[in-house]
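In the text below, chain A, chain B and the rest are named by the order of the sequence lines, each starting its count at 1.
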Amino acid sequence: MHDIRFIRENPAAFDAGLARRGLAPTSALLLEKDEAARAAIRQSEELQARSNAAAKAIGAAMGKGEKDEAERLKAEVSGIKAELPGLEAKAKELGAEVRDLLAALPNLPVDDVPLGEDETGNVFVSAVGEKRDFSFEPLEHDRLDSALGLDFETAANVAGARFAYLRGGVAKLNRALGQFMLDLHTREFGYEEITPPLMVRDEAVFGTGQLPKFAEDLFRTTDGRWLIPTAEVSLTNMVREKILSEGELPLRLTALTQCFRSEAGSAGRDTRGFIRQHQFEKVELVSITTPDTSDAEHERMTQAAETVLNRLGLHFRRMLLCSGDMGFTARKTYDLEVWLPGQKAYREISSCSNCGDFQARRMNTRFRPEGEKSTRFVHTLNGSGLAVGRTLVAVLENYQQADGSIAVPEVLQPYIGGLTRIHG
RNA sequence: GGAGAGGUGGCUGAGUGGUCGAAAGCACCGCACUCGAAAUGCGGCGUACGGGCAACUGUACCGAGGGUUCGAAUCCCUCCCUCUCCGCCA
């Protein structure tokens with residue numbers, strides 16, 4: 001959600017930001033509506049003020065027993081009130097129009113975000129590790145021996161497309177990955193471990209920006225709630241409508257949850273394999289910070305996610321997303337892409353975004369700077385640390401052996417009783 | 001799911017449909033007293049959005065949204081949340 005006052009004062013800068021997102025200028029329309037809305041509000045408030053004053057005078061007159069005067073005033077107020085509902089309705093409607101327009105506009109990219117239309121415009125930042133040398137042709141994860149425990153056929157029977165059963169060794173490996181990530185973030189990066197709700201209300205989903213524009217990407221429950229598409233929703237909304245003290249910040253929260261996505265717009269994409277599922281596990285990182293510290297926190301968070309890949313010995317690169325490829329709420333995003341030797345491609349495994357005060361405005365989350373009376377909006381950040389399912393894919397493809405087994409990365413072995421190999 | 005009781009400022013807690021944005025206490029801030037502190041006294045002390053160079057001023061807000069009324073914290077309706085009892089349940 002944008003600050004209409006900023007747009008009033010910097011309409012050109014605002015439109016320039018939208019242009020970098022590939023969007024048409026909107027400030028003129030917004031300001032026109034805003035001006036009309038404020039005029040209508042002013043009118044209705046002035047009328048209301050007159051009516052309030054007269055109503056008070058009625059009370060005073062009745063107190064003094066001046067019945068006639070009271071009756072005269074009543075008539076006057078009635079006259080005023082005849083006009084009021086129309087004016088109020090108009091003010092409300094115009095105000096709602098402005099809000100709806102604002103709610104549908106994405107965050108603006110910050111200056112160092114490269115200009116671009118789609119993922120081809122993303123900029124390489126850095127890489128860690130190297131592609132492993134195979135003495136054989138590595139298989140894609142879904143072509144590995146099915147006895148390892150990755151079972152799409154049964155899932156298709158029971159649940160439909162884009163679901164999977166993990167069985168035996170692969171299920172253990174998956175569990176180990178999630179545990180390992182949580183332990184790393186809580187022990188070494190100071191995140192608080194949270195077990196959050198997986199179903200949330202409209203307001204929460206609006207707060208983090210999935211509503212109103214992206215409802216078709218979500219699953220809705222029969223009682224009107226939403227299954228979370230990411231723990232970002234439940235974690236970030238923990239501070240909705242709160243005024244925090246500066247001393248509480250930064251707030252660092254992490255959770256391992258299932259995520260649910262309808263994948264409505266991605267028919268035909270990644271239909272094979274475990275990359276794109278309706279239900280998947282992810283370890284989410286969320287930070288709530290002051291405006292001054294969010295850039296540094298963004299780097300820190302991205303490093304926390306990178307550390308997971310590092311410890312797992314997986315080769316990856318960090319990309320800075322271009323303006324056209326960023327998500328709705330982000331003002332700057334790093335993607336981490338892991339190398340998949342079977343697919344012979346880098347695939348997104350984490351996305352770390354600084355949302356600035358964009359979500360904070362939608363949630364009305366503020367903090368009181370030390371020693372100040374007034375409040376300011378916090379900054380919010382979120383990142384995957386990491387997508388567990390995709391990390392499983394990366395481990396399977398990178399750690400496959402010539403005999404069809406999977407070597408267990410050293411850091412995971414303690415989580416599964418010292419097991420070093422998974423066999424079919 | 002059924003029956004009942006509630007939701008008032010940072011906290012506790014009054015409030016008969018009419019000078020209620022709301023008593024009182026606590027907390028907090030300023031001043032006085034004090035060498036200093038405590039205690040005491042006096043004063044201040046909500047948020048949002050408008051208007052105004054400013055002093056200041058208007059509107060809204062007593063869980064949320066509607067309604068009744070000249071006027072609603074107070075009456076009515078719907079919803080949300082909390083608590084108690086009953087039922088069901090991992």
Side-chain angles (χ1 to χ4, degrees), chain A residues 1-9 30-103 195-207 211-212 220-226 234 237-249 258 357 360-378:
Chain A
M1 185 76 91
H2 291 286
D3 182 3
I4 188 70
R5 280 171 300 190
F6 173 84
I7 302 171
R8 267 179 224 150
E9 282 157 32
L30 273 170
L31 293 181
E32 185 196 317
K33 297 258 185 211
D34 174 53
E35 189 46 56
R38 281 194 295 159
I41 288 168
R42 219 173 300 140
Q43 272 184 22
S44 102
E45 283 188 354
E46 276 165 18
L47 206 59
Q48 186 70 56
R50 282 203 280 144
S51 146
N52 283 349
K56 267 192 180 176
I58 294 173
M62 304 236 301
K64 281 185 268 175
E66 297 166 357
K67 271 224 149 172
D68 294 349
E69 175 66 1
E71 285 307 318
R72 194 188 63 74
L73 285 164
K74 274 193 195 184
E76 186 185 327
V77 176
S78 293
I80 295 173
K81 296 297 269 201
E83 285 180 69
L84 202 51
L87 276 173
E88 276 180 338
K90 189 176 159 204
K92 214 171 171 179
E93 189 185 321
L94 288 166
E97 278 181 40
V98 173
R99 259 201 320 285
D100 290 350
L101 278 172
L102 284 175
T195 302
L198 304 185
M199 294 184 230
V200 297
R201 277 197 230 275
D202 291 354
E203 300 92 284
V205 189
F206 177 86
L211 286 184
R220 187 134 210 222
T221 65
T222 53
D223 67 350
R225 287 173 233 271
W226 304 89
S234 353
N237 276 287
M238 284 173 75
V239 296
R240 69 175 292 105
E241 278 158 35
K242 283 196 176 168
I243 298 176
L244 306 161
S245 67
E246 186 169 1
E248 293 176 72
L249 303 175
Q258 297 289 350
D357 62 8
R361 285 180 190 285
R362 297 170 85 97
M363 298 188 299
N364 198 19
T365 303
R366 292 158 295 164
F367 77 104
R368 209 180 296 280
E370 212 71 63
E372 276 186 38
K373 273 198 76 173
S374 61
T375 58
R376 296 187 61 187
F377 287 109
V378 299

Asker: Please determine, for B:A3, whether a Watson-Crick or G-U wobble partner exists with both distances under 3.5 Å, and give it or none.
Answerer: B:U84
Asker: Would you mind reporting whether A:Asp357 and A:Asp3 have side-chain heavy atoms less than 4.5 Å apart?
Answerer: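 Not touching, per the 4.5 Å side-chain cut-off.
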Asker: Mapping A:Ala53 and A:Arg42 onto RNA chain B by nearest heavy atom, which one lands closer to the 5' end?
Answerer: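 Final value for this comparison: A:Arg42.
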Asker: Out of curiosity, A:Glu45 CD to A:Leu87 CG, how far, rounded to the nearest 0.5 Å?
Answerer: 11.5 Å
Asker: Does B:G18 have a Watson-Crick or wobble partner in any strand here, with both distances under 3.5 angstrom, and which is it?
Answerer: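 Because both required distances fall under 3.5 Å, B:G18 counts as paired with B:C70.
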Asker: Whether A:Asp202 and A:Arg220 form a salt bridge (side-chain N of Lys/Arg under 4.0 Å from carboxylate O of Asp/Glu) is what I want to check.
Answerer: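 A salt bridge links A:Arg220 with A:Asp202.
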Asker: What does B:C89 pair with, Watson-Crick or G-U, if both distances are under 3.5 Å?
Answerer: none
Asker: With both distances kept under 3.5 Å, what pairs with B:G9, Watson-Crick or G-U wobble?
Answerer: none
Asker: Go ahead and name the base partner of B:G36; Watson-Crick or wobble counts if both distances stay under 3.5 Å, otherwise write none.
Answerer: none
Asker: Once you apply a heavy-atom cut-off of 4.0 Å, does A:Arg361 come out as touching a base, just sugar-phosphate, or nothing?
Answerer: nothing
Asker: Say we look at B:U19 and B:A60: how far apart would their P atoms be, to the nearest angstrom?
Answerer: 14 Å
Asker: Once you apply the 3.5 Å cut-off to both distances, tell me the Watson-Crick or G-U wobble partner of B:G43, or none.
Answerer: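 Across any shown strand, B:G43 pairs with B:C29.
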Asker: Using 0.5 Å steps for rounding, measure from the NZ atom of A:Lys33 to the CD atom of A:Glu93.
Answerer: 8.5 Å
Asker: What distance, rounded to whole Å, do you find between the two C1' atoms, one in B:U69 and one in B:G18?
Answerer: 12 Å
Asker: Give me the distance, rounded to whole Å, that separates B:G13 from B:G67 when you measure between the C1' atoms they each carry.
Answerer: 30 Å
Asker: Under 3.5 Å for both donor-acceptor distances, Watson-Crick or wobble: does B:C49 have a partner, and if so which one?
Answerer: B:G58
Asker: Distance check, P atoms only: B:G43 and B:A23, in whole angstrom units.
Answerer: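 Result for the P pair: 15 Å, nearest Å.
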Asker: Is there a side-chain contact between A:Arg5 and A:Arg8, using heavy atoms and a 4.5 Å cut-off?
Answerer: yes
Asker: Is there a side-chain contact between A:Arg368 and A:Ser245 (heavy atoms, below 4.5 Å)?
Answerer: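 The answer is no, as the side chains (C-beta and beyond) never meet within the 4.5 Å cut-off.
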Asker: Considering Watson-Crick and G-U wobble pairs with both distances under 3.5 Å, what does B:A64 pair with?
Answerer: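 Answer to the pairing question: B:U78, which forms a Watson-Crick or G-U pair with B:A64.
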Asker: Walking along RNA chain B from 5' to 3', note the first and the last nucleotide with an atom under 4.0 Å from a heavy atom of chain A, and give both.
Answerer: B:G18 to B:C81
Asker: Kindly indicate whether the side chain of A:Met1, heavy atoms from C-beta on, has any atom under 4.5 Å from the side chain of A:Phe206.
Answerer: yes
Asker: Considering every strand and a 4.0 Å limit on heavy-atom distances, what is the contact class for A:Arg5: base, sugar-phosphate, or nothing?
Answerer: sugar-phosphate
Asker: Quote, to the nearest angstrom, the C1' distance that separates B:G25 from B:C79.
Answerer: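 After rounding to an integer number of Å, I get 34 Å for this pair.
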Asker: When the nearest nucleotide of RNA chain B is assigned to A:Lys92 and to A:Thr375 on a heavy-atom basis, which residue is associated with the more 5' position?
Answerer: A:Thr375
Asker: Calculate, to the nearest 0.5 Å, the distance between atoms CD and CD belonging to A:Glu35 and A:Glu32 respectively.
Answerer: 10.0 Å
Asker: Between B:C62 and B:G52, how far apart are the two P atoms, rounded to whole Å?
Answerer: 28 Å
Asker: Can you tell me how far P in B:C45 sits from the matching atom in B:G4, rounded to whole Å?
Answerer: 44 Å
Asker: Could you tell me how far B:G7 sits from B:G15 if I compare only their C1' atoms? Round to whole Å.
Answerer: 15 Å
